[in-house]
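Please read the structure below before turning to the comments.
Every chain is numbered from 1 and lettered A, B, ... according to where its sequence line falls, protein lines coming before strand lines.
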Amino acid sequence: MTPQRQCFEFLVQYLLGKWKTIRTVHLAMNCLFILPQTQPVHQELFQTLQRDHIPFEVIHDAIGGIEMMRNRHFDVIVLDAQNDKLQIDQTIRLLKGCNPLVKVIVTTAVNSKSLEARVRKENIYYFHLDSFGTRDLQLAILTACRRLDGGCSHDRAKDEPIH
Amino acid sequence: MNDKIKILLIDDDYALRTACAAFLSDAGYLVHSGKNPQEGLKLMRDTGFDIAITDYRMPGMNGIEFMRELQKSSPQTDVIMITGYGTIEHAVEAMRLGAYDYLQKPFEPGQLLETVNKLVTHRRQLGKSGDSEFRFQFEDETVSIIAKSRVMQDVFRLVEKVAPTDSTVLILGESGTGKESIARALHALSLRKNQPFLVMDCGSLVESLFESELFGHVKGSFTGAVATKHGAFELADGGTFFFDEIGNISLNIQAKILRAIQEKEIRRIGSTETIHVDVRVIAATNLDLVKAVEQGDFREDLYYRLSVIPVHLPSLRERREDIPLLLHYFVQKNNLRRQKKPIQSIDDDALSALLKYDWPGNIRELQNVVERAAIIEDTSTIRLSSLPPSLHQTTDDPRQPTLLSMVELEKQHIARTLQHTHRNISQAAKLLGIDRKTLYDKIRRYHLD
């Protein structure tokens, strides 16, 4: 390869690299799922998010998720409580260490009082039980992504007497 | 004059340690000494010091490592490093990392006193004094609230008095004034300190989800403990429950919270079982709840239930005398992370702009401004050019109208910030030191959308 050709190849590679960086910035995801495995129920949820134009990314291990969180910006994390390598409360602390404003939604297939207490101590956004179905989870994600107005103030019910 | 300055002296050399401690005590300082860094950190946690004098070479941890630990738990404390002959480079490194000065062994007592006196004067110029920190232990962390203003000292006194009782407290204050820190202090200083402290942000979830988060939920075909959501109220049993932005909740939920506080009982959604809960409630809001009651948006009975002890947190513009102190605190905090030379000073123009500015985002905004300046500034001095443009306009400019209402000022400031961030809401909210929801609300209110 001639030096001119080499120079040209280098320039092309450089510009492609630049373009990749620019694309990454523009397509920055704002919702990250850290789930041990993707189940059919999640596929349904992902389709809904795609339909609602909510960018998201899925990763299957907590450590990889923390690593992603260190390098990229996410507004909402959906995190499964069952994780082999790290304790759930420790994972939340590490994620919040990367971005203290991130909204953490924790999901679990099996709940216990101690698990819920540990998770709630970390000041999470929403705690979801898988057996409750995806509708509530979807609603929580949409609200967290500000696609729905949060705050009960927008949804004021009629005054209710105290019994 | 020096009776409030507390000095921590760490050196493994017994003779030097006791001689220096005696000398400084004679000069009117309150001195505690320790033989190793671990002892020093323990003393720091228990007592809190204005100045730490530490040897560089010590068993287990060197002086720089000790200083780093100290800066984490007490960024307000200034450090003087003692080095032996031939280790001067360590002292220079320590100063680069934020130590105030160093003393090279052997030194005369007069030199020690001169360095300490110089530091005390420096601290006074920055507005730091022994009484400027309200400290408490929250779980494993030492939390400091920085303020010397009279109005905040009154708040601290009230918190100390109210904390050990079980009374409901309503914390009132603008966004970014530190309402959650005060709630944590109330918990940490109470008899419930070893029990849970749970926070619920009332403005962020839709009503159905909020209710399930608060009171728990039994749902679906699965039953039993594994498929039951206990809810935050039940899990706070024995401890403290903090409702942040209580003014944002619906009348329906207000009724349920009132019942939970009055009856000390809750019922999970979808369940008939009544659960007894013993929870101390602390609530906070940036809204005018009296007005909300008048407009029918907030239940009067709940308002009276919550405001047994109201605590008013002043905005930063109402306690400008705390700004230099907070600046120093945040600068020190940022120096720990800074790759470049540590920030050592703030030039007059920048300080003047910082003091004149109205801080609609309060302490959170000040913290963000310092963080931004520490990133932008290449030198060790924060200059006007490293402050956001919105602060430049607060310096004396004859073209600027001077008599604006707070509302107009806030509106203009938000508009400028949005323009500056190209309408990136997250970035704008961060710069303003408010959360995104509050910013959305303000954008709607001021028709900036």
Checklist outcome for this item: So NZ of A/Lys103 and CZ of B/Arg436: to nearest 0.5 Å the spacing works out to 6.0 Å
Checklist entry - Hey, is the main chain of A/Phe127 close enough, under 3.5 Å, to the side chain of B/Lys229 for a donor-acceptor pair? => result yes
Checklist entry - Which bit of B/Leu209 comes within less than 4.5 Å of chain A, counting heavy atoms only: side chain, backbone, both or neither? => result both
Next on the checklist: Checking the side chain of A/Asn111 only, and the main-chain atoms of B/Thr228 only, is there a donor and an acceptor separated by less than 3.5 Å?
Outcome noted: yes
Checklist entry - Are side-chain heavy atoms of B/His230 and A/Leu115 found at a separation under 4.5 Å? => result no
Item to check | Neighbour count >12 (heavy atoms, 6.0 Å) for atom NZ, A/Lys96 | outcome: yes
Item to check | Qualifying residues under side chain to side chain contact (heavy atoms under 4.5 Å, CB included), relative to B/Ala188, sequence neighbours excluded | outcome: B/Phe136, B/Phe138
Next on the checklist: Can you tell me how far apart OG1 (A/Thr143) and CZ (B/Phe210) are? Round to the nearest 0.5 Å.
Outcome noted: 13.0 Å
Next on the checklist: Are there over 12 heavy-atom neighbours, none belonging to A/Arg93, within less than 6.0 Å of that residue's CZ?
Outcome noted: yes
Checklist outcome for this item: Taking every heavy atom of B/Ser208 against every heavy atom of A/Leu139, the minimum-distance pair comes out as OG-CD2, 4.0 Å
Next on the checklist: Is there a side chain to side chain contact (heavy atoms under 4.5 Å, CB included) between A/Asn123 and B/Glu180? Walk through the geometry before answering.
Outcome noted: CA-CA 12 Å; A/Asn123 201 0; B/Glu180 189 171 333; 4.2 Å; yes
Next on the checklist: Going by the rule side chain to side chain contact (heavy atoms under 4.5 Å, CB included), which residues pair with B/Glu211 if we only count those two or more places apart in sequence or in a different chain?
Outcome noted: B/Phe215, B/Asn252, B/Ile253, B/Lys256, B/Ile269
Checklist entry - If you count the non-hydrogen atoms of other residues, nucleotides and ligands that lie under 6.0 Å from CZ in B/Arg68, is the total more than 12? => result no
Checklist entry - Within a strict 4.5 Å, meaning less than it, do heavy atoms of the A/Leu101 and B/Ser426 side chains meet? => result no
Item to check | Neighbour count >12 (heavy atoms, 6.0 Å) for atom CZ, B/Arg267 | outcome: no
Next on the checklist: Quick check on the interface: out of B/Gly296, B/Ser212, B/Ala232, who has the most heavy-atom pairs with chain A under 4.5 Å?
Outcome noted: B/Ala232
Item to check | Residue, of A/Ile124, A/Val110, A/Asp136, that accumulates the most heavy atom pairs under 4.5 Å with chain B | outcome: A/Asp136
Checklist entry - Under 4.5 Å between any side-chain heavy atoms of A/Tyr125 and B/Leu205, yes or no? => result yes
Item to check | Heavy-atom donor-acceptor pair, A/Glu116 side chain to B/Gly231 backbone, under 3.5 Å | outcome: yes
Checklist entry - For A/Gln50, does the CD atom have more than 12 heavy-atom neighbours from other residues, nucleotides or ligands under 6.0 Å away? => result yes
